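Working notes, beginning with the structure itself.
All figures in this text were calculated on a predicted structure; none of them were measured in a lab.
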Amino acid sequence: MSAGPFFDREAETAPREVLKARQLDRVRKIIAVAFERSPFYQRKYRAAGLSSAEDVRSLDDLHYLPFTTKDELVADHEEHPPFGSRMTEPRERYIRLHQTSGTSGKPLRILDTEESWQWFVRGWGYVYNAAGVGATDRVFAAFSFGPFIGFWAGFEGAAHVGALRIPGGGQTTGQRIQQIFDLGATVLICTPTYALRMADTAREMGVDLRASPIRIGIHAGEPGASIPSTRARLEQAWGMEVFDHPGMTEVGAWGFECREHAGVHLNEAECLFEVLDPATGDPGDEGELVITTLGRFAHPNIRYRTGDRVHVLRDPCGCGRTFYRLDGGVIGRIDDMLIVRGVNVFPSAIENIVRRFDGVHEFVVEVYRDREMDEMEIKVEATAEDLAALLQAIQNEVHLRMGFRPIVSAAPAGTLPRFELKARRVLDRRQ
Ligand SMILES: [Zn+2]
């Protein structure tokens, strides 16, 4: 498999010690800017007893700095409406507003200056190059162009490879499918859930997406493209090569997948990453991902607790990049892990099982308590000649893999929620 082009070959293949020296240099710069100009970080660091950025002499010293959490940013927004107090530049220098989806709490509003926005967009330059997207490609953004940042940056970032950008907002799913054929779009950017929804709609329209000009799908907003059975479904429905791209409104476009498809690369040229055991806070191979941005000076994020659970791989990748990788991308949210009858269950693990079955269109999972016992019910929208047999097979597979037997029931066609962004398919009703 070809490694594909690089966005910045020198940075992406730099020896680890060179990479680390650059990270230290840049992290000190961003801490200095935050300390001097961000009211939010000034309060935070003074309270922590930090007198200046000079106190950080090595990457290990970073451990003495307090984390930045989503709860803190939400509280800061409430105290300093409407944008919070994290910015480092005079207000008139900010030119873009985006906000988080608000799926895990109140939305955060993030302002960027031209420079900080271009830093975010550049993150997509790595994404596209690693996927082998180039100037002859036509990128279709199946996205409503609302306040969510991801595909705005994806749309603009395609300029870094000279591709033609096609905005797919303000259209029905059917119209988007038609546009893809009419305009010869070769790259699809959207959430994995939405790409599957388009596949459902195409089936209803009698359109075979494998005959479409789309050759590459880049999927962000949810971890689905790294879930093996969801990826297989995307590849099968569209006949395309699938790439996962994790990013965060608050942080940036921090990860990308190369053509080796060996996990998701951390973009260590643009961010500094820590993986910490959520219970002890000690560094490790598996745990919560903590990110410090090394650019976006106008809206810095230092030691941000993402809430994402990851497993880091440190061995070299076949593509030649020295950036570490995440095995299977983002495994799940730290706080999304359910304990059902004593078994640790990640929503992504259930998705991986359910999506393996042909005929499943959509599903939701509810966990509740019945006579002191945890019950998991999986409601499935599916078409099958023998629906009962399909439900039985899903039940058996969950039982085999998870060690408990869920209730699996059929939901009438079109009754389960459809998502364009941030699918929430698992409901814990025990709380
Ligand atoms: Zn690679």
Discussion item. So if I apply the salt bridge (charged side-chain N to carboxylate O under 4.0 Å, His left out) rule between Arg325 and each of Asp315, Asp285, Asp244, which one comes out positive?
Written reply: Asp315
Item to complete: Determine, for Glu397 against Arg355, whether the closest basic-nitrogen to carboxylate-oxygen distance falls under 4.0 angstrom.
Response: no
Worksheet entry | Lys44 NZ to Ser38 OG distance, which is reported to the nearest 0.5 Å | 10.5 Å
Worksheet item: Any chance the side chains of Trp119 and Glu270 put a donor and an acceptor closer than 3.5 Å?
Response: yes
Worksheet item: How far apart are the C-alpha atoms of Thr186 and Asp137, what are their side-chain angles, what is the distance that settles it, and do they pass the side-chain hydrogen bond (donor to acceptor under 3.5 Å, both in side chains) test?
Response: CA-CA 6 Å; Thr186 57; Asp137 280 303; 2.7 Å; yes
Worksheet item: Should Ile216 and Val133 count as side-chain neighbours, where that means a heavy-atom distance under 4.5 Å?
Response: yes
Item to complete: To the nearest 0.5 angstrom, please state how far the CH2 atom of Trp254 sits from the CG atom of Asn267.
Response: 10.5 Å
Item to complete: Report, as yes or no, whether the 6.0 Å neighbourhood of atom OH on Tyr64 holds more than 12 heavy atoms from other residues, nucleotides or ligands.
Response: no
Response to the item:
In short, Trp238 meets Ala199 closest at the heavy-atom pair NE1-CB, 4.3 Å
Discussion item. Can you list everything that forms a ring-ring contact (aromatic ring centres under 6.0 Å, His included) with His299? Sequence neighbours excluded, please.
Written reply: none
Worksheet item: Roughly how far, to the nearest 0.5 Å, is OG1 of Thr249 from CH2 of Trp152?
Response: 13.5 Å
Fill in: Glu241/Arg215 ion pair, N-O < 4.0 Å
no
Item to complete: Specify whether Tyr126 and Phe256 have parallel, tilted or perpendicular ring planes, treating 30° as the upper limit for parallel and 60° as the lower limit for perpendicular.
Response: parallel
Worksheet item: Which residues satisfy the side chain to side chain contact (heavy atoms under 4.5 Å, CB included) test with Pro417, sequence neighbours excluded?
Response: Val364, Phe419
Fill in: Greater than 12 external heavy atoms within 6.0 Å of Arg109's CZ
no
Discussion item. If I compare all heavy atoms of Asn301 with all of Val251, which pair ends up nearest, and what's the gap?
Written reply: ND2-CG2, 4.0 Å
Practice prompt. Apply ring pair (Phe, Tyr, Trp, His ring centres under 6.0 Å) to Phe7 and His160, showing your working.
Written response: CA-CA 8 Å; Phe7 178 64; His160 281 293; 5.3 Å; yes
Discussion item. Using only atom types and a distance under 3.5 Å, with no angle test, would you say the side chain of Thr230 pairs donor to acceptor with the backbone of Ser226?
Written reply: no
Practice prompt. Indicate yes or no: at least one non-hydrogen side-chain atom of Phe181 is less than 4.5 angstrom from one of Val207.
Written response: yes
Fill in: Selection residues 302-344 - residue pairs positive for ring pair (Phe, Tyr, Trp, His ring centres under 6.0 Å), sequence neighbours left out
none
Worksheet item: So does Arg321 pair up with Glu268, basic N to acidic O under 4.0 Å?
Response: no
Discussion item. Distance alone, cut at 3.5 Å: any donor-acceptor contact between the side chains of Gln118 and Glu114?
Written reply: yes
Item to complete: Decide yes or no on side chain to side chain contact (heavy atoms under 4.5 Å, CB included) for Val275 and Val290, but give the supporting numbers first.
Response: CA-CA 6 Å; Val275 177; Val290 174; over 6 Å; no
Worksheet item: Between Lys70 and Glu250, what is the shortest heavy-atom contact and its length?
Response: CD-OE2, 3.9 Å
Worksheet entry | Derivation of the salt bridge (Lys or Arg N to Asp or Glu O under 4.0 Å) call for Arg429 and Glu375 | CA-CA 10 Å; Arg429 301 201 183 281; Glu375 280 294 353; over 6 Å; no
Item to complete: Go through the structure and list residues passing ring-ring contact (aromatic ring centres under 6.0 Å, His included) with Phe155, not counting sequence neighbours.
Response: Phe145
Practice prompt. Taking Glu79 for its side chain and Asp76 for its backbone only, find out whether a donor-acceptor pair lies under 3.5 Å.
Written response: no
Worksheet item: So, is the end of the Arg96 side chain (NZ or CZ) under 6.0 Å from the ring centre of Trp117 and within 45° of the ring's axis?
Response: yes
Practice prompt. Could you verify whether a donor N or O on one side chain and an acceptor N or O on the other, from Thr88 and Tyr41, lie under 3.5 Å apart?
Written response: no
Worksheet item: Does a side-chain heavy-atom distance below 4.5 Å link Ile189 with Val139?
Response: yes
Worksheet item: Do Thr193 and Glu222 touch side chain to side chain, with heavy atoms closer than 4.5 Å?
Response: yes
Item to complete: State the CZ-CG distance between Arg91 and Leu111, to the nearest 0.5 angstrom.
Response: 6.0 Å
Fill in: Whether His219 side chain and Cys190 backbone form a donor-acceptor pair below 3.5 Å
yes
Using atom types as modelled, flag every donor-acceptor pair under 3.5 Å from a side chain in residues 47-55 to any protein atom, sequence neighbours excluded.
| from | atom 1 | to | atom 2 | distance (Å) |
| --- | --- | --- | --- | --- |
| Ser51 | OG | Asp55 | OD2 | 3.2 |
| Ser52 | OG | Glu54 | N | 3.0 |
| Glu54 | OE1 | Arg28 | NH2 | 3.2 |
| Asp55 | OD2 | Ser51 | N | 3.1 |

Worksheet, complete the sentence: Separation between CD (Glu351) and CZ (Arg356), nearest 0.5 Å, reads 11.5 Å
Worksheet item: Would Glu89 and Arg37 pass as an ion pair if we require N to O under 4.0 Å?
Response: yes
Fill in: Flag for Thr173-Tyr194: side-chain donor and acceptor within less than 3.5 Å
yes
Worksheet entry | Chi angles and distances behind the salt bridge (Lys or Arg N to Asp or Glu O under 4.0 Å) call for Glu115, Arg296 | CA-CA 7 Å; Glu115 294 89 341; Arg296 219 180 186 187; over 6 Å; no
Practice prompt. Using a cut-off of 6.0 Å, state whether more than 12 heavy atoms not belonging to Arg165 lie near its atom CZ.
Written response: yes
Worksheet item: Taking the side chain from Glu381 and the backbone from Gly414, do they hold a donor-acceptor pair closer than 3.5 Å?
Response: yes
Worksheet item: Are the charged groups of Arg430 and Asp374 less than 4.0 angstrom apart, N to O?
Response: yes
Worksheet item: Are side-chain heavy atoms of Asp327 and Val312 found at a separation under 4.5 Å?
Response: no
Worksheet item: Do Val354 and Ile378 have side chains that get closer than 4.5 Å, going by heavy atoms?
Response: yes
Item to complete: Please tell me if the side chains of Ile291 and Leu272 come closer than 4.5 Å, counting only heavy atoms from C-beta onward.
Response: no
Worksheet item: Just checking, is any N or O donor in the side chain of Ser229 or Asn352 under 3.5 Å from an acceptor N or O on the other one?
Response: yes
Discussion item. Between Arg43 and Ser85, is there a side-chain heavy-atom distance shorter than 4.5 Å?
Written reply: yes
Practice prompt. Validate the cation-pi geometry between Arg425 and Phe363: distance from NZ or CZ to the six-membered ring centre under 6.0 Å, angle to the ring axis within 45°.
Written response: yes
Worksheet entry | Presence of salt bridge, Arg309 and Glu288, under 4.0 angstrom | no
Worksheet entry | Rounded distance [0.5 Å steps], CD in Glu36 versus CD1 in Ile31 | 11.5 Å
Discussion item. Can you list everything that forms a side chain to side chain donor-acceptor pair (under 3.5 Å) with Asp308? Sequence neighbours excluded, please.
Written reply: Arg333
Discussion item. Between the side chains of Asp200 and Arg203, is the shortest nitrogen-to-carboxylate-oxygen separation below 4.0 Å, so that they form an ion pair?
Written reply: yes
